[in-house]
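Reminder, nothing fancy here: chain letters follow the sequence lines and each chain counts from 1.
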Protein chains: 2
Amino acid sequence: MKTKQVTQLTGLTKDTIRFYEKEQLIPPPSRDVNGYRIYSEKTVEQLNMITMAKNLGFTLKEIKDLTQLLGKNNLTQQAMAAKLIEKSKEIDAKITELTNIKALIDHALKGMCEYKDKLS
Amino acid sequence: MKTKQVTQLTGLTKDTIRFYEKEQLIPPPSRDVNGYRIYSEKTVEQLNMITMAKNLGFTLKEIKDLTQLLGKNNLTQQAMAAKLIEKSKEIDAKITELTNIKALIDHALKGMCEYKDKLS
DNA sequence: ATAAACTGTGGAGCTTACTCTACAGTCAAG
DNA sequence: CTTGACTGTAGAGTAAGCTCCACAGTTTAT
């Protein structure tokens, strides 16, 4: 598929997609005879993962490193395992912190009379 | 306490702390007779919360809005409840996404022989 | 009493992550 | 066959979030 459709499927602008290509967060797409970029559905999935990870506070560099780790086997198994374990722990820590912040918010809500009516 | 001690307790630089003051993420501290800033322990806690929230992908603006919501009662109860519920749901979504990413990583780890030995 | 450390201000500069501009080729519809 | 939507490239500009600099007053230790 071409750029336009990818922008519609991902909510990203063409500039952002091109930027991610330049920064090697996604593989360079194949090209049509006219030079137009042709994207695979896999790339669309990758772009959506990038968006998710960004919302969770990962930088583009971290995302790049992590996806390369998950996708390739050019590291020793030990090195890769170590990095993945590190990331896994980071994520656990984030989940814990989010849970704490949510508790704060929910506590504030509990103190308000409308609480029980609005919480879905 | 003075700036130096706050930098040690929070891991933030004096510049960052001053920046947060300028951006009104923390209240302007009281001043000593010589003009030096005197911070309360509450502000130190606030700074640590800011750091946490930043790690979780919240922007400074979102953090500012959220802390003002939690700290003040200048909104109608309904408006405040609505915003807090919205934030609470956003956080739930983040937790879900983090859990998904962690599952990916842990799955990759499970496929590796060293997995059982290294996972704490 | 003087050097070293700390604090203040204002403003410039930097990095990340886009976002936009300018200009040109391509393609589909009327 | 031309008009408008789409695509391409290169490079400049922008916003957020710091980070650093220059210069000046204060305080502490020796």
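In the displayed structure, B:Glu62 atom CD is contacted under 6.0 Å by more than 12 heavy atoms of other residues, nucleotides or ligands. Sparse packing is recorded around CD of A:Glu41, with 12 or fewer heavy atoms of other residues, nucleotides or ligands lying under 6.0 Å away.
Side-chain proximity of B:Arg31 to the nucleotides C:dT9, C:dC6, D:dC21 is greatest for C:dT9. Comparing atom distances between the A:Phe19 side chain and each of C:dT19, C:dC27, D:dT19 picks out C:dT19 as nearest. Among the nucleotides C:dT19, D:dG8, D:dC18, the one closest to the side chain of B:Thr16 is D:dC18.
In the hydrophobic clustering of ILVMFWY residues, with side-chain heavy atoms under 4.5 Å counting as a link, A:Val44 and A:Phe19 come out together.
Dashed line: the shortest gap from a side-chain N or O of A:Asn34 to OP1 or OP2 of C:dG25 is not under 4.0 Å. Between B:Lys54 and D:dC18 there is a side-chain N or O to OP1 or OP2 distance below 4.0 Å. A close approach under 4.0 Å does occur between a side-chain nitrogen or oxygen of B:Thr3 and OP1 or OP2 of C:dG8.
Looking at heavy-atom distances under 4.0 Å, A:Thr13 makes no contact with the nucleic acid at all. Counting any heavy atom pair closer than 4.0 Å across all strands shown, B:Arg18 reaches a base atom.
Summarising the geometry, the separation between CG on A:Asp15 and P on C:dT21 is reported as 10 Å, rounded to the nearest angstrom.
The residue among A:Val33 and B:Lys22 whose nearest nucleotide of DNA chain C is located toward the 5' end is B:Lys22.
A cation-pi arrangement is present between B:Lys94 and B:Phe58 under the rule of less than 6.0 angstrom and at most 45 degrees off the ring axis.
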